[in-house]
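Start at 1 with the first residue, then count along the sequence.
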Amino acid sequence: MSAPAASAGASGTSGAPSGAPSGVSGAAGTAARPAASVALLALTPIFVRIKLALLRNGLKGSSKRKAAYFSSLAFALVVGFSMTLGLGLLRGNAHAGTVVVLLAGILALGWAFMPLFFPTGDETLDPSRLVMLPLRPRPLVAALLASSLVGIGPLFTLCLAVGSVIAVARGAAGAVAAVVAVPLLLLGCVIIARAVATANVRLLTSRKGRDLAVLSGLVIAVGAQLANFASQSLFQAGGLSALEPVEAVVRWLPPATAVGMVDSVSEGSYGLAAAQLMLTLAALAGLLWSWERSLTRLMVTPDGSTISASGPVKDRGGAGGFWSLLPAGRTGASMQRALRYVVRDPKTKSAWVTALAIGMIVPVFNALQGTGSVYLGSFGAGMLGVQMYNQFGQDTSAFWMVAQTISGTRDAYVELRARAFALALVTLPYTVLVTVVTAALLDDWQGFPAAVGVALALLGSMLCTGAVASARFPYSIPTEGAFKNVAPGQAGLAWGGILGGMLASALVCGPVIALAVWLNMAEHRDVSWIVLPVGVAWGWLAAWAGLRLAAPTVARKLPEILSAVSKG
């Protein structure tokens, strides 16, 4: 990095000493402009070589990394070329412009948000590592932009950009516009990613940023449900023509305007094409300016960790407020610990938020499509009931402190009961809420009591089997890696406990389900309300029996459980 530092240092000598003659100062100022150009030209290839060196060195000494990288590269090339060919086959189709403009908008959206959810995927996204070097922001922006064009993501985006313009370019003017649009779209996507990452680099390198990365699973899960709902709605609406109003808006949002420009030129709308080109260039200039401002602020603003705290440290861990409502003794303390894990531990938080979101989305979206049932309200109870499995593994290596307080079956029972209470404290009102919303959307209030009864019976059954699975099939959850939820060698334990427990839960609450089905099939819906008290009693009895059954196993196998959950 000595070369860029020297170049940047040369570019920084824009003035002369205070006692120098004005002619010398003017000469120095004139020489500063070529020096800045030299710094820009010298810095860019160095950063590109650094990016290539990072890629090359990251593959050394690890066959797994090599296999993962080259398989990802091959997959990106195959999918990219296939999509390029597929988009090229749309040439001449009446809806080709709609497809490619929306695809460009989705590409830009993906580039904007991926750095927030996967901040550790590219080490060069963290420009704070360069703050100690005498580098000016403008040459640094150009160098970082050039290095950002090296990688699998830009290559895949280039394939899609080429396929998009092929699909809509017609005539000589369209071909010229296509040649201009491809680099504009690629640069727009990369600059958006860089500007967003730089503006949020403090967040991305903090604990909150790691929490955000873990919550990417929620975005993927919710996005999959939204995509499924949108595809079904699109199919029912009669095809791609239903997307034309959306495309009419997206074609004026940069960098999708670059593809819209090609379509406009091919249609002979040169005025619209010129406006879209100017809007694209203005947006790129604005993003570059914003990126440079964020980079300058990052380089000159001290990190919060280097500033001494002012004022006394406040104790926020008191037992007042909500915590004072919990039971006294071990039960309340264990409930508080379990609920604090939900708020503070990234992986526990991710699992809970994902379960809450999917548990609401599935029944609500099915109800909106007119294909749902009020009994789908139990889906939320099932999603949260899974959190009861592997209770001790959620503590990771910290479980040894809990293990020190378990001296017999009674202590094990109270510990398990407290964890079940903490789960039920959230799941009970949530299940009722989901069922209320589903019943309101379907206007099926007659089936509401039975649906709540089935959901609560299912929750009690999952608390039962979850307690037993936690005692018999504990496994460790690694603390590192957003998507590593099982320690190596314990996948069989995880799958056996969860799948076996879910099948057992279906059997445990089977009588309540059978009662609800019989009342509906026999057209006795007017008395189906009886399922509610039966479900509540059955769920409570099942949960109590499961806790009683699991407690002796926990007390007897405590050393084995401690060893299993501490492997990660």
Side-chain angles (χ1 to χ4, degrees), residues 221-222 225-226 228-229 232 351-389 420-466 498 501-546:
V222 173
Q225 294 296 328
L226 292 175
N228 178 48
F229 179 69
Q232 293 182 14
W352 272 75
V353 174
T354 303
L356 289 168
I358 301 302
M360 177 68 78
I361 287 175
V362 170
V364 168
F365 276 23
N366 278 275
L368 290 174
Q369 292 175 342
T371 59
S373 168
V374 69
Y375 289 96
L376 277 179
S378 60
F379 191 84
M383 290 293 297
L384 284 177
V386 175
Q387 309 308 315
M388 186 64 188
Y389 296 83
F421 281 170
L423 180 62
L425 188 64
V426 178
T427 309
L428 284 174
Y430 172 78
T431 300
V432 175
L433 173 64
V434 172
T435 312
V436 166
V437 173
T438 307
L441 292 174
L442 295 172
D443 195 20
D444 186 9
W445 294 107
Q446 189 177 20
F448 171 75
V452 174
V454 170
L456 296 182
L458 176 62
L459 174 61
S461 301
M462 298 193 77
L463 292 177
C464 166
T465 57
I498 295 176
M502 293 177 69
L503 291 175
S505 298
L507 294 176
V508 171
C509 69
V512 179
I513 297 176
L515 175 62
V517 171
W518 178 77
L519 289 174
N520 278 275
M521 294 185 65
E523 298 184 356
H524 295 316
R525 295 199 70 190
D526 52 335
V527 295
S528 62
W529 58 267
I530 198 173
V531 179
L532 177 58
V534 171
V536 171
W538 191 273
W540 178 86
L541 181 62
W544 174 83

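A side-chain donor-acceptor contact under 3.5 Å links T465 and Y389.
Looking at heavy atoms from C-beta onward, W352 lies in side-chain contact with L384 at the 4.5 angstrom threshold. Looking at heavy atoms from C-beta onward, L433 lies in side-chain contact with M360 at the 4.5 angstrom threshold. Looking only at side-chain heavy atoms (C-beta outward), V531 and W518 stay at 4.5 Å or farther from each other. In this structure, L463 and T427 have side chains that are not in contact, with every pair of non-hydrogen atoms separated by 4.5 Å or more. Between V362 and N366, some side-chain heavy-atom pair lies under the 4.5 Å cut-off. Two residues are said to be in side-chain contact when any heavy atoms from C-beta on lie closer than 4.5 Å; Y375 and N520 meet this criterion. With a 4.5 Å cut-off on side-chain heavy atoms, W445 and V374 do not count as touching.
Interatomic distance, CZ of F448 versus CG of L442, reported as 12.5 Å (0.5 Å rounding). Considering CG of L456 and OG of S461, their distance stands at 10.5 Å, rounded to 0.5 Å. Distance check: D443 CG to T438 OG1 gives 13.0 Å after rounding to the nearest 0.5 Å. To the nearest 0.5 Å, atom CZ of residue F421 and atom CG of residue L428 are 10.5 Å apart. Here the OH atom belonging to Y430 is positioned 12.0 Å from the CG atom belonging to L423, to the nearest 0.5 angstrom.
The nearest pair of heavy atoms linking M388 to A420 is CE-CB, 4.0 Å. Nearest approach of C509 to L458, heavy atoms of both residues: SG-CD1, 3.9 Å. Minimum heavy-atom separation, G546 to C464: CA-SG, 3.5 Å. L376 and P363 make their closest contact through O-CB, 3.6 Å (heavy atoms, listed as atom of the first residue, atom of the second, distance). Closest approach of A451 and T435 over heavy atoms only: CB-CG2, 3.8 Å.
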Query - CA sep, side-chain torsions, deciding dist, call: V436, V432, side chain to side chain contact (heavy atoms under 4.5 Å, CB included) - result: CA-CA 6 Å; V436 166; V432 175; 4.2 Å; yes
**Report entry** Residues T431, V452; criterion side chain to side chain contact (heavy atoms under 4.5 Å, CB included); working and verdict
**Finding:** CA-CA 8 Å; T431 300; V452 174; 5.8 Å; no
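Around the CG atom of L541, the shell of radius 6.0 Å holds more than 12 heavy atoms that belong to other residues, nucleotides or ligands.
At least one donor-acceptor pair under 3.5 Å links the side chain of W538 to the backbone N or O of V508.
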